[in-house]
Engineer: 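Can you read through this structure? Questions will come right after.
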Amino acid sequence: RKSGKPVRVVMSREEVLRASGPTSGGVVETKVGAKKDGTLVAVDAVLKYQAGAYAGSPIGPGCMCMTAPYEIENVQLIGYDVVSNRPKVAAYRAPGAPISAYAFESALDEVARELNMDPIAIREKNAVKEGSKTVYGVTFPRIGFEEVLEAAKNSDHFKSPVPEGEGRGLACGFWFNIGGESSAACHLNEDGTVTVISGNPDIGGSRASIALMVAETLGIDYNKVRPIVADTSSIGYNFVTGGSRVTFATGMAAINAAEDVIGQARERAAKIWEIDVDAVTWEDGEARPAGSNAGDHDPMSLADIAKMAPKTGGPINGHGSINAQGAGAGFGCHICDLKVDEGTGHVTVTRYTSIQDVGRAIHPGYVDGQLQGGAAQGIGWAINEEYVYNDDGLLQNAGFLDYRIPVASDLPMIDTVLVEVPNDRHPYGVRGVGEVPIVPPMAAVANAMESATGVRMTSLPMSPPKVLKALEGS
């Protein structure tokens, strides 16, 4: 404001780690009650999330997501937002959900072991479905959790024998997803190409996905659509890039903008043909007479209409501005194989599969990447990543030499299974997919750890010193 010019803030890696905000630390205490047949009847839990120097930890989403995949008649969840002398926490992929899922899915695994039940069977028995009511009050519309569990049960990974000396664990996760305010514009260029403008930064493949939906709506080749992420002064308001909302909500705004272009294209064709616009339809990327009584006119493509736009009224620009509702909830199930070096406590993940209801996978390659990326982040959280403070409250590992994140050589190829149960509230069935994949990994790794060693790890990360101490204590 003082300079009258754009200002860029550049932080060093150390400054980022010290000051930009981690996710919450947390403590979750949970009790789970079940009948002998595996029916879950009660959950009582207390969740304490660290907020840092100011209130605002993701305790709400943590409580919302903890038991959401399961039908449980009696649930009491009490959450505490704990202020502490630490940096203010920030949103980190599915804020709050991985912490509560780690606790509950670990406890559920113990219940299954106590009852001698298959880990998928106990989850199938209690799985939510269309019409189930969540602990936070929402009644689920069409969802795909049962289909996810079926796909997990039939996966090559689950059906294969556990390698000797290794353990296998699985866990499930949930994220509710959001919609919100979004704006987009479609500009028809004189050569028949289309420029799509939106305002949400692309952090997960949204540009390609939005371009695909616009191309499908208009009925033109994908290569004729150019997506652009504009700055805030160049397009209408767009809500936050987060909450797994961009492909769903901003994509819907872009679809509306494309439909606006179609409406104007029909009007131009009607003007050229000198017929009423209601007598013009849009099929397969072309304006066509609605019937024989509308006249004998050759179909006009979008390129044909664009070429004649200067003579029929000028540029054709479509706009879409919405407050998107109906974001479909997402569910996932992860399967993890690992081995533990009992001499050092080092954990090696040897096989990993991520199964998820992705609604309609608009760009399957990017969806695969989301599932793999979330799993990699979650495995890092489970095994290595932590902030280490000294007695004076100073961060000791403010760099990637000591803050250990997984690299490619640390992980196996993460397999994915895309379960497509379309979201009925979106024209193309889109559900947000970006946040569910980080919810199950910590519990999946912990459950595999108990399978491999007989030791239940109740504190993260499961780093070599902690694992070695737990093994020696057992």
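Since the structure is predicted, the reported quantities are computational estimates derived from the model, not experimental observations.
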Engineer: Could you state the interatomic distance from CG (N238) to OG (S198), rounded to the nearest 0.5 Å?
Structural biologist: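 Answer for the CG-OG pair, N238 versus S198, is 6.5 Å.
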Engineer: Would you sort out whether I405 and E385 count as a side chain to side chain contact (heavy atoms under 4.5 Å, CB included), showing the intermediate values?
Structural biologist: CA-CA 6 Å; I405 65 171; E385 297 184 46; 3.7 Å; yes
Engineer: Indicate yes or no for a side-chain donor-acceptor contact from T217 to the backbone of M213 under 3.5 Å, with no hydrogens or angles considered.
Structural biologist: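 Yes; judged by distance alone, with no hydrogens or angles, the pair exists.
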Engineer: Without swapping roles, check the side chain of D304 against the backbone of S301 for a donor-acceptor pair under 3.5 Å.
Structural biologist: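 The answer is yes, because a donor-acceptor pair under 3.5 Å joins these two groups.
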Engineer: Is the backbone of V246 close enough, under 3.5 Å, to the side chain of N200 for a donor and an acceptor to pair up by distance?
Structural biologist: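 Pair absent, no side-chain N/O of N200 close to backbone of V246.
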Engineer: With sequence neighbours excluded, tell me which residues meet ring pair (Phe, Tyr, Trp, His ring centres under 6.0 Å) with Y49.
Structural biologist: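 For Y49 there are no ring pair (Phe, Tyr, Trp, His ring centres under 6.0 Å) partners, ignoring immediate neighbours.
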Engineer: Using modelled atom types and a 3.5 Å cut-off, is there a donor and acceptor pairing between side-chain atoms of T453 and backbone atoms of V455?
Structural biologist: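 Flag set: sc T453 to bb V455 pair under 3.5 Å.
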Engineer: Suppose the criterion is salt bridge (charged side-chain N to carboxylate O under 4.0 Å, His left out): which pairs have a residue in residues 90-113, not counting sequence neighbours?
Structural biologist: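 For residues 90-113: E105-R123, D109-R113, D109-R456, E110-R456, R113-E450.
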Engineer: Side chains of Q370 and V358: closer than 4.5 Å at any heavy-atom pair?
Structural biologist: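 No, too far: nothing below the 4.5 Å cut-off.
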Engineer: Is the shortest side-chain heavy-atom distance between M308 and M300 below 4.5 Å?
Structural biologist: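 The answer is yes, as the side chains (C-beta and beyond) meet within the 4.5 Å cut-off.
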Engineer: Step by step, would you call C63 with Y136 a side chain to side chain contact (heavy atoms under 4.5 Å, CB included)?
Structural biologist: CA-CA 8 Å; C63 291; Y136 58 94; over 6 Å; no
Engineer: Would you say CD of E283 has more than 12 non-hydrogen atoms from neighbouring residues, nucleotides or ligands within 6.0 angstrom?
Structural biologist: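 Atom CD in E283 is packed in, count exceeds 12.
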Engineer: Check whether any side-chain N or O of D202 sits under 3.5 Å from a backbone N or O of G205 as a donor-acceptor pair, and report yes or no.
Structural biologist: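 Between the backbone of G205 and the side chain of D202 there is a qualifying donor-acceptor contact (under 3.5 Å).
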Engineer: Considering only heavy atoms from C-beta outward, does the side chain of C333 approach that of V417 to under 4.5 Å?
Structural biologist: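 They are not in side-chain contact.
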Engineer: Around atom CD of E190, are there more than 12 heavy atoms from other residues, nucleotides or ligands closer than 6.0 Å?
Structural biologist: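 No, CD of E190 has 12 or fewer neighbouring heavy atoms, counting only those of other groups under 6.0 Å.
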Engineer: Is the shortest heavy-atom distance from the side chain of L302 to the side chain of W282 under 4.5 Å?
Structural biologist: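 Yes, close enough: below the 4.5 Å cut-off.
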Engineer: What pairs meet the salt bridge (charged side-chain N to carboxylate O under 4.0 Å, His left out) rule with one or both residues in residues 150-171, with sequence neighbours excluded?
Structural biologist: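 Applying salt bridge (charged side-chain N to carboxylate O under 4.0 Å, His left out) to every pair that reaches into residues 150-171, excluding sequence neighbours, yields E124-K153, E150-K153, R168-D337.
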Engineer: Is the shortest side-chain heavy-atom distance between F176 and C65 below 4.5 Å?
Structural biologist: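 F176 vs C65: side chains touch.
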Engineer: Starting at OG of S463, measure out to CG of N384 and round the result to the nearest 0.5 Å.
Structural biologist: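 It is 7.5 Å, given to the nearest 0.5 Å.
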Engineer: Could you measure the distance from the CD1 atom of I383 to the CG atom of L411? Nearest 0.5 Å is fine.
Structural biologist: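 Reported to 0.5 Å precision, the distance equals 7.5 Å.
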Engineer: Do M449 and V467 pass the side chain to side chain contact (heavy atoms under 4.5 Å, CB included) test, and can you show the C-alpha distance, the side-chain angles, and the key distance before you say yes or no?
Structural biologist: CA-CA 9 Å; M449 180 81 73; V467 172; 3.9 Å; yes
Engineer: Please round to the nearest 0.5 Å and tell me the distance separating atom OH of Y222 and atom CD of E216.
Structural biologist: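 Here the rounded value is 13.0 Å.
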Engineer: If only atom types and distance count, is the side chain of N126 paired as donor or acceptor with the main-chain N or O of I122 below 3.5 Å?
Structural biologist: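 Yes: the side chain of N126 pairs with the backbone of I122.
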Engineer: Which heavy atom of S24 sits nearest a heavy atom of S57, and at what distance?
Structural biologist: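 Shortest heavy-atom separation between S24 and S57 comes out as OG-CB, 3.5 Å.
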Engineer: Output all residues satisfying side-chain hydrogen bond (donor to acceptor under 3.5 Å, both in side chains) with D368, sequence neighbours left out; order by chain, then residue number.
Structural biologist: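 Residues passing side-chain hydrogen bond (donor to acceptor under 3.5 Å, both in side chains) with D368: T416.
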Engineer: Taking the side chain from T250 and the backbone from T247, do they hold a donor-acceptor pair closer than 3.5 Å?
Structural biologist: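 Not confirmed, T250 side chain does not pair with T247 backbone.
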Engineer: Check for a donor-acceptor pair, side chain of Q372 on one end and backbone N or O of I414 on the other, with a separation under 3.5 Å.
Structural biologist: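 Checked: pair present.
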Engineer: Does the S155 side chain pair with the main chain of A152, one donor and one acceptor, at a distance under 3.5 Å?
Structural biologist: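 Pair found, side chain donor or acceptor close to backbone of A152.
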Engineer: Might you point out which heavy atoms bring G38 and L115 nearest each other, and give the distance in Å?
Structural biologist: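 Scanning both residues completely, I find the closest heavy atoms to be CA-CD1, 3.8 Å.
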Engineer: Provide the closest heavy-atom pair for L47 versus S100 in the form atom of the first, atom of the second, distance.
Structural biologist: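 Taking L47 first and S100 second, the nearest heavy atoms are CD2-CB, 3.7 Å.
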Engineer: Apply side-chain hydrogen bond (donor to acceptor under 3.5 Å, both in side chains) to D191 and list each qualifying residue two or more places apart in sequence or on a separate chain.
Structural biologist: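 Once residues adjacent in sequence are excluded, the partners of D191 under the side-chain hydrogen bond (donor to acceptor under 3.5 Å, both in side chains) criterion are T193.
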Engineer: Would you say that V89 contacts T23 through its side chain, given a criterion of any heavy-atom pair below 4.5 Å between the two side chains?
Structural biologist: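 When only atoms from C-beta onward are counted, T23 and V89 do not touch, as no gap falls below 4.5 Å.
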Engineer: Would you please classify the geometry between the Y387 ring and the Y403 ring as parallel, tilted or perpendicular, with 30° and 60° separating the classes?
Structural biologist: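 Correct class here is perpendicular.
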Engineer: Determine which pairs satisfy salt bridge (charged side-chain N to carboxylate O under 4.0 Å, His left out) with at least one residue from residues 420-441, sequence neighbours left out, and list them in order.
Structural biologist: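 Non-adjacent pairs meeting salt bridge (charged side-chain N to carboxylate O under 4.0 Å, His left out): R142-D424, D357-R431.
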Engineer: Verify the neighbour count for atom NZ of K224: are there more than 12 heavy atoms of other residues, nucleotides or ligands below 6.0 Å?
Structural biologist: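 Atom NZ in K224 is not packed in, count stays at 12 or less.
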Engineer: Kindly write out the residues that satisfy ring pair (Phe, Tyr, Trp, His ring centres under 6.0 Å) with Y70, not counting sequence neighbours, or none if the list is empty.
Structural biologist: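 Testing Y70 for ring pair (Phe, Tyr, Trp, His ring centres under 6.0 Å), a comparison that skips the adjacent residues, returns F104, F145.
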Engineer: Does R288, at its CZ atom, have more than 12 non-hydrogen atoms belonging to other residues, nucleotides or ligands within less than 6.0 Å?
Structural biologist: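 Check passes, neighbour count above 12.
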Engineer: Between P440 and G332, what is the shortest heavy-atom contact and its length?
Structural biologist: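 Result for this residue pair: CG-O, 4.3 Å.
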Engineer: Among residues at least two apart in sequence or on other chains, which ones pass ring pair (Phe, Tyr, Trp, His ring centres under 6.0 Å) with Y366?
Structural biologist: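 Listed in chain order: H363.
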Engineer: Drop me the distance from I335's CD1 to I120's CD1, to the nearest 0.5 angstrom.
Structural biologist: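 These two atoms lie 5.5 Å from each other.
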Engineer: Any side-chain heavy atom of P95 sitting closer than 4.5 Å to one from W175?
Structural biologist: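 Heavy-atom side-chain distance check passes, below 4.5 Å.
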Engineer: Does NZ belonging to K466 count more than 12 external heavy atoms closer than 6.0 Å?
Structural biologist: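 Enclosed.
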Engineer: Can you tell me how far the CG atom of L212 sits from the CZ atom of R207, to the nearest 0.5 Å?
Structural biologist: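 So the gap between those two atoms works out to 13.0 Å.
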Engineer: For E146 versus A127, what's the shortest heavy-atom pair and its separation?
Structural biologist: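 Result for this residue pair: CG-CB, 4.2 Å.
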Engineer: Quick one: closest heavy-atom pair of A253 and A184, and the distance?
Structural biologist: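 The answer is C-CB, 3.9 Å.
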Engineer: Side chains of V75 and M66: does their closest heavy-atom pair fall under 4.5 Å?
Structural biologist: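 Result no, sub-4.5 Å side-chain heavy-atom pair not found.
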Engineer: List the residues meeting ring pair (Phe, Tyr, Trp, His ring centres under 6.0 Å) with Y92, not counting sequence neighbours, and say none if there are none.
Structural biologist: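 Here the qualifying residues are W381.
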Engineer: Donor-acceptor pairs under 3.5 Å, side chain of residues 315-330 to any protein atom, not counting sequence neighbours: which ones?
Structural biologist:
residue	atom	partner	partner atom	Å
N317	OD1	H187	ND1	2.9
N323	OD1	Q325	NE2	3.4
Q325	NE2	N323	O	3.3

Engineer: Just jot down the side-chain hydrogen bond (donor to acceptor under 3.5 Å, both in side chains) partners of N423, sequence neighbours excluded, or say none.
Structural biologist: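 Partners of N423 under the side-chain hydrogen bond (donor to acceptor under 3.5 Å, both in side chains) test: none.
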Engineer: Would you indicate whether K307, at its atom NZ, is surrounded by more than 12 heavy atoms from other residues, nucleotides or ligands within a distance under 6.0 Å?
Structural biologist: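 It does not: K307 NZ has 12 such atoms or fewer within range.
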Engineer: Under a 3.5 Å distance rule, please check whether R13 uses its side chain to pair with a backbone N or O of F400 as donor and acceptor.
Structural biologist: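 Checking the backbone N and O of F400 against the side chain of R13, no donor-acceptor pair under 3.5 Å is found.
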Engineer: List the steps, then state whether side chain to side chain contact (heavy atoms under 4.5 Å, CB included) holds for V445 with M462.
Structural biologist: CA-CA 9 Å; V445 171; M462 292 172 262; 3.7 Å; yes
Engineer: In chain order, what residues pass the side-chain hydrogen bond (donor to acceptor under 3.5 Å, both in side chains) check against D410, with sequence neighbours excluded?
Structural biologist: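 Residues passing side-chain hydrogen bond (donor to acceptor under 3.5 Å, both in side chains) with D410: R404.
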